[in-house]
Amino acid sequence: MRTFALHPDDPGPGGVNASVSPSQADLADAEALLGGLNEVQQEAARTTEGPVMIIAGPGSGKTRTLTHRIAYLIASKKAWPSQILALTFTNKAAREMRTRVTDLVGPEAKGMWMGTFHSVFARVLRREADKIGFSRDFSIYDTDDQERLLRELMLRAGIDAKKYTPRSVRGRISGAKNQMITPAEYARLASDPYEEVVARLYGPYNDALRKANAMDFDDLLAWPIRLFEQHPDTLKAYQQRWRYVHIDEYQDTNRAQYTLAKLLAAEHKNLCVVGDDAQSIYAFRGADIQNILSFQKDYPNATTVRLEQNYRSTKRIVAFADAIIKGNTGQLDKNLWTDNAEGDPVTLMEALSERDEAQKVERTIRDLHIRAGVPWRQFAVLYRTNAQSRSLEEALRRGNIPYRMVGGTSFYQRKEIKDALAYLRLAVNPSDDASLLRVINTPTRGIGAKTIDGLRRYAAEHGLSLWQAANEPRDAGLPNRAAKAVEDFTFMVSRFASKAASSPADELSREFIQETGLMQSLRDENTPESLVRLENVHELLNAVAEFAQADSDNPRTLSEFLQEVSLVADVDRLADDENRVTLMTLHASKGLEFTVVFVTGMEEGLFPLAKAAQDPTELEEERRLFYVGATRAEEALYLSYARSRYRYGESQGAVRSRFLDELEGTGDLLRTESGAAFRPRTSRFSLPDDGAQGGYRVEYDADGGYSYGSSPAQRRAAKSGYEQMDPHYYRQSLRPGAGKGAPASGRRVEYDDEFSQQAPGGRVVTGARVVHGTFGEGKVIAMEGSGERTSATVHFPRVGQKKLKLKFAKLRVIG
DNA sequence: CGCCGTTTTATTTTT
DNA sequence: TAAAACGGCG
């Protein structure tokens, strides 16, 4: 009978440092656990000394391998469960891994630390909060809260929030934090007016967070690093505790995560990372693909194992995915193969409109469900942007097909839920300014903009938090009526704040939310929507109760609940027991698999997004996203695009994605609905018959621009496609008379007046080629504003992108 | 201060 | 299109 640690924090005799030594019998036991793995996977699981990198293609059983490796460690007594740390990409993945390991080695394995970087280090910070001057009840700020706080700071600093939006400032600060750039460094590096403004806000923003006893997502990684730097003894303790560190989806780690991994593994050097560079899709969030590419440089004695056998998909799907990723350069060497059946070709569906596309998806799902008996839960419909979900939802609802949606306006993103959560956070942490601002007048209680302004001024003058200012409304010089309203508010919050630590979480929440009038105001509104919202608030309160009572011996606090829900991703909430079709973004689909997968919206400007198409690096990331989507499918993969799609409430023509036309050698891999073999490039873009066969490769020109095609022949071919196609083509309305009642004479329809402007030589519209006096020739990549304020973003091969006001810039249109 | 009608503006992806 | 921001009035 094996014995393992009974308590997460006490791994058996001797405490955290307890050494464990395998006996022959233990090793034999452990070995037996590897039976279900193939040889390469076994090798990966068995290599437990030193750094290990597992390069794992999609569907190669990497989670399975990691699970067995951890079970192996425990069974062989190389480590106590609590000496194992596993960092996954989603909490769901962690949950599943924990369950599987527990299945393998028994319930004693519970003490493993598993979760996302963010949730694991939030837990660490909770324990060590006092060391860095926080209280353990710190709030966790999402993007909304961050922007609210920034807006506040910009107001105080007199910065124009129109020109420098809190959203983009937030993005820049987040980027800086991910790169571990301090406010001082940032200020030093700032090289343009925009960065100067960000530099002015970055420091105060951090100070404000600290004053509010709050952390943003990036802080959850940045603070542990600072903690470890300032307290080497603390670092040492964690280094010794975690004898084995595992990181899944390593290709999606950022600089801070990389640093944390390095710090933690410094003692035992048992760092095992798993990932696939071809599936790196989070660069926009600071993920650095370099982390996995240079793992061997960072850890010269690392063992590298490649899992190249795919267990998930048919031969055709694997080959198709391979054809996708071939469009990229510089992937790690991998040779994916599978023993699975040949399978059916991938099907490409063309639709007239997004509605039509959704209908085709719906019909196909129904058909496969009825004729092939595929259960609803085995279907996934993927898309690039959340906005696309609407038409799909409508079609499924019309067809009475049960579905669930991941992301979008998920439960914890809804206004009423965020409001309720803000109240609860305020009870736990009254200095939380962002939460206070959110709810001080929700529902309305006579505290308007002017009153808040007064509090803000008073707080700034005396260096107080808004909460502190709100506690002295009369000193703040508020008129009687307003002061009374503020007093009522602070009195109510204080009453619950004083009980927050002692009362049971569910009871406190219920009473508090009741008291705030939030529910009453929804009830009074009495519209179908408001009643749904009311129901949502009830559901939240139930969730609190469920959380608090999950462990009856050890009821969890409201503060823990709040921190946990801030870190729940949408996929985490994906319940597997529901038999429904899944709708989600391509990003959210990572790590999942379905029998039948639809990748919708395969259109230029959408997938790849217009902005990404301008930049080779971003374009490659989009391509990897396509790769991720395609490799979710086990047996059938459908791609679809619509020839027109609503954008800004107007129907716009669309061209199918270059990702389709660049595919090579897909003869028997890709078919149209009718069963005909797919022919890259339609007649509209038909090529001169010069034998150019290749797909479009994005390449840098000597002048820093880029173009499609590598040989002159290919270049010419490509030009006849995207480069030289009618730049206005995709602006046409396919519905004659749509928009402004423009006459539909032939193919060329009037262009959208709002975004274009007359100039010598023609109209300036997106896609047009123009000449500028100083910058030379360039291409319009975006238009914005109207009338006098119309401006064009133009890409000049020599000088890069410039945003020009048409009123001033003299542009001549040449094509 | 708060309501309501009108105008403007925005669409990546997310822990 | 739809959500947010704006502006005028009671």
Side-chain angles (χ1 to χ4, degrees), chain A residues 87-94 115-122 140-144 146 151 161-162 165 167-168 170-171 174 177-178 215-221 249 252-254 256-257 280-287 354 382-391 406-410 412-413 415 441-453 479 481-482 485 564-572 584-590 601 605-613 618 621-622 624-626 628-629 645-652 754-755 782 784-787 789:
Chain A
L87 298 162
T88 55
F89 194 72
T90 62
N91 287 303
K92 183 170 179 258
T116 61
F117 268 94
H118 289 86
S119 56
V120 163
F121 286 101
I140 296 174
Y141 277 11
D142 67 3
T143 2
D144 251 31
Q146 295 174 47
R151 192 176 293 273
K162 269 270 158 57
T165 62
R167 174 185 292 214
S168 78
R170 188 210 70 82
S174 172
K177 285 192 181 181
N178 283 328
M215 303 215 186
D216 62 23
F217 283 123
D218 308 310
D219 283 343
L220 293 173
L221 306 174
E249 309 284 11
D252 284 316
T253 52
N254 63 28
Q257 290 166 322
S280 159
I281 54 173
Y282 279 99
F284 71 92
R285 205 171 76 186
E354 56 187 324
L382 310 181
Y383 36 81
R384 179 65 181 80
T385 67
N386 281 306
Q388 290 164 252
S389 68
R390 173 178 309 208
S391 52
V406 179
T409 323
S410 75
Y412 284 100
Q413 308 245 28
K415 224 180 269 140
N441 203 31
T442 317
T444 53
R445 49 171 74 86
I447 306 177
K450 209 158 171 208
T451 307
I452 295 174
D453 241 16
R481 210 181 134 111
E564 192 165 298
V565 297
S566 321
L567 300 173
V568 175
D570 278 309
V571 268
D572 294 336
M584 64 188 149
T585 62
L586 287 148
H587 280 90
S589 75
K590 191 163 84 154
L606 189 60
F607 193 29
L609 285 167
K611 193 172 158 271
E618 285 183 49
E621 177 145 322
E622 297 275 310
R624 290 193 293 268
L625 193 55
F626 185 22
V628 166
R645 189 172 292 277
Y646 275 88
R647 272 203 145 184
Y648 298 113
E650 237 183 313
S651 177
Q652 309 251 231
E754 274 175 323
F755 295 103
E784 60 193 334
S786 59
R789 285 182 304 165

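Here is the naming used below: chain letters follow the sequence lines, and residue numbers restart at 1 for every chain.
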Indicate whether OP1 or OP2 belonging to [N] is found under 4.0 Å from a side-chain N or O atom of [X].
X	N	answer
A:R384	B:dT11	no
A:K92	B:dT15	no
A:T585	B:dT12	no
A:N91	B:dT15	no
A:N386	B:dT11	no

Taking side-chain hydrogen bond (donor to acceptor under 3.5 Å, both in side chains) as the test, write out the residues that go with A:T444, two or more places apart.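 Here no residue qualifies.
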What's the spacing between A:R647 CZ and A:Q652 CD if we round to 0.5 Å? 7.5 Å
Roughly how far apart are A:E621 CD and A:L609 CG, rounded to 0.5 Å? 11.0 Å
Answer with base, sugar-phosphate or nothing: what part of the nucleic acid does [X] contact at a heavy-atom distance below 4.0 Å?
X	answer
A:R390	sugar-phosphate
A:R624	nothing
A:T90	nothing
A:Y282	sugar-phosphate
A:I447	sugar-phosphate
A:A482	nothing
A:D219	nothing
A:A387	base

For A:R167 and for A:V568, find the nucleotide of DNA chain B with the closest heavy atom, then tell me which residue's nucleotide is more 5'. A:R167
If you assign each of A:V571 and A:K450 to its closest nucleotide in DNA chain B, which residue comes earlier from the 5' end?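 The residue whose closest nucleotide sits nearer the 5' end is A:K450.
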Would you please say whether a donor-acceptor pair under 3.5 Å links the side chains of A:Q388 and A:T385?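 A:T385 and A:Q388 do have a side-chain donor-acceptor pair below 3.5 Å.
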With no hydrogens and no angle check, do the side chains of A:N91 and A:S119 hold a donor and an acceptor under 3.5 Å apart?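 Yes, because at least one side-chain N or O of A:N91 sits under 3.5 Å from a partner of the opposite role on A:S119.
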Side chain of A:K611, heavy atoms from C-beta onward: which of B:dT12, B:dG2, B:dT15 has the nearest atom to it?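 Among B:dT12, B:dG2, B:dT15, the one nearest the side chain of A:K611 is B:dT12.
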For A:F89, which residues count as a ring-ring contact (aromatic ring centres under 6.0 Å, His included) partner, sequence neighbours excluded? A:Y282
Pairing annotation in dot-bracket form, given for DNA chain B with Watson-Crick or G-U pairs under 3.5 Å and | for cross-strand partners: ||||||||||.....
Roughly how far apart, to the nearest Å, are B:dT13 and C:dA4 at atom P?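 Comparing P positions in B:dT13 and C:dA4 gives a spacing of 15 Å.
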Determine the interatomic distance between P on C:dC6 and the same-named atom on B:dT11; round to the nearest Å.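 These two P atoms come out 16 Å apart once rounded.
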